[in-house]
Student: 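Let me give you the structure first, and then I'll get to my questions.
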Amino acid sequence: MATSQRDYYELLGVSRSADDAEIKKAFRGLARTLHPDVSQAPDAEERFREVVEAYEVLSKPETRQLYDRYGHAGLQGGGFAPTTFDVGSLSDLFSAFFGDDIFGGGGRVRRERGSDVVAQIEIELAEAASGTTRNLPFPVTITCATCGGSGAKPGTEPVTCATCSGRGRLQQVTRTAFGEFVRSQTCPACAGQGTVVQDPCLDCEGSGRTVEDRTLEVEVPPGIHDGQQIRMSGEGHAGSLGGRAGDVYVQVRVTPDPRFVREGNDIFCSVDLTMTDAALGTTVKVPTLEGEIDLELEPGTQPGKLHVLRGKGMPVLQGFGRGDQRVLVNVQVPRRLTDDQRRLLEEFGQSASEETYEADEGFFQKLKSAFR
Ligand SMILES: [Zn+2]
Ligand SMILES: [Zn+2]
């Protein structure tokens, strides 16, 4: 029984006077966009089957005539049943309908792209800031130099595959009530290449590929973030039959620097001041990504005070400028006092007044501004 009651000409989007070429062209176009391999639409398979059915009917003069005269009823009366088929791969269906491969290659296996190589390198935060290079050694598959990738011993040639007569594909014909349905599959004897190697190359054992140790110089751009990947196009494993080589993906791990916390392009650090240095003012050494610098702190520096070193953060990856470095001041309060020290502090405490501690901004306000 026919699965579709819709008008076949409408389904293919052709006029009733369309010739064979127009029908074929319309079907090809529709099949390409509707095949479930391609279309994401939920009803893609159903629509695809309708279009195939319409093409089956309109592409054969007998069924087309029946349909033109008596419509769907005429076809049923004439014993027509649409071919049942698996919605397999699009290229299989095209070889079935047209005896060709829409992806080219004349029915032969496509040249395959080589595999990618995935590697990892570790760099320091300071190296991420300045940019760096790393040598990356890895084994890679290359085209065999002895046989040029054919797999045949030098002086010999691969011979035509006897199983498929060099076509690379085998066709299986199924008879149905409606007609012949041809399925084609990759020739198992030659894996679709159409040729077989009789005298294998000794260096690659007939595979056409060998393994070589290669060292790549990986350039890490300034400003890279932990976990980002660098892609090196075409540096991966060789493809088969002269197909394009794969890529190398280098994942960059930036090891945490105990002195800094990175947030985007900004970095944070803290400096410890003694209580007396904070009260009297001092100059401290502050680590930056490019070495230590002197930072002057005024008398009465409060815990939670934030100093922003403009442009001392990480460079913007593939951009301009740099982030900032934020320096958070911590004030250390003495924990173990001698008797003398305790007496001195008690004296100081008695002499101090509210004015001594007058604040311009609370600690919590400072802390909040540290996190913007
Ligand atoms: Zn070889
Ligand atoms: Zn074959």
Side-chain angles (χ1 to χ4, degrees), residues 28 31-32 35 37-38 83 85-119 136-176 179-217 232-249:
R28 263 178 189 258
R32 269 198 195 133
H35 190 275
D37 275 3
V38 181
T83 307
F85 61 91
D86 294 329
V87 181
S89 86
L90 188 52
S91 53
D92 271 1
L93 268 164
F94 271 91
S95 21
F97 279 107
F98 303 119
D100 68 8
D101 183 346
I102 52 161
F103 297 112
R108 290 204 178 178
V109 78
R110 274 170 281 158
R111 289 187 296 179
E112 268 180 54
R113 184 177 165 277
S115 320
D116 295 330
V117 172
V118 177
L136 178 70
F138 62 97
V140 68
T141 309
I142 57 165
T143 301
C144 173
T146 311
C147 62
S150 74
K153 203 171 179 174
T156 72
E157 294 266 309
V159 298
T160 303
C161 172
T163 310
C164 63
S165 314
R167 282 191 301 274
R169 296 188 77 82
L170 294 177
Q171 295 199 324
Q172 197 186 2
V173 179
T174 314
R175 289 183 193 284
T176 69
E180 288 178 348
F181 187 75
V182 186
R183 262 193 94 82
S184 84
Q185 63 172 79
T186 303
C187 170
C190 62
Q193 299 194 29
T195 55
V196 286
V197 171
Q198 281 185 324
D199 292 307
C201 164
L202 296 176
D203 288 343
C204 62
E205 291 168 339
S207 71
R209 288 185 280 187
T210 54
V211 175
E212 177 193 72
D213 285 319
R214 185 184 288 173
T215 300
L216 267 186
E217 196 173 81
M232 302 177 81
S233 180
E235 301 285 0
H237 298 300
S240 66
L241 303 170
R244 174 173 111 66
D247 300 331
V248 173
Y249 288 92

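Because the structure is predicted, anything quoted here is derived from the model rather than measured. In listed order, ligands and their atoms are each counted from 1.
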Student: Kindly report the SG-the Zn ion (ligand 1)-SG angle for Cys201 and Cys147 respectively, rounded to 10°.
Tutor: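 It is 120°, given to the nearest 10°.
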Student: As an exercise, state the distance from CG of Asp203 to NZ of Lys153, rounded to the nearest 0.5 Å.
Tutor: 11.0 Å
Student: Just to be sure I understand the site: which N, O or S atoms from the protein are less than 2.8 Å away from the Zn ion (ligand 2)?
Tutor: Cys161 SG, Cys164 SG, Cys187 SG, Cys190 SG
Student: Looking at side-chain heavy atoms only, is the closest gap between Pro188 and Leu170 below 4.5 Å?
Tutor: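 In contact.
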Student: Please examine the side chains of Thr146 and Pro154, heavy atoms only from C-beta on, and report whether any two atoms are closer than 4.5 Å.
Tutor: yes
Student: Identify the two heavy atoms, one from Cys147 and one from Gly208, that lie closest to each other, and give their separation to 0.1 Å.
Tutor: SG-CA, 4.1 Å
Student: With a 4.5 Å limit on heavy-atom distance, are the side chains of Arg214 and Glu235 in contact?
Tutor: yes
Student: For the residue pair Pro139 and Asp213, establish whether any side-chain heavy-atom pair is separated by less than 4.5 Å.
Tutor: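 They are in side-chain contact.
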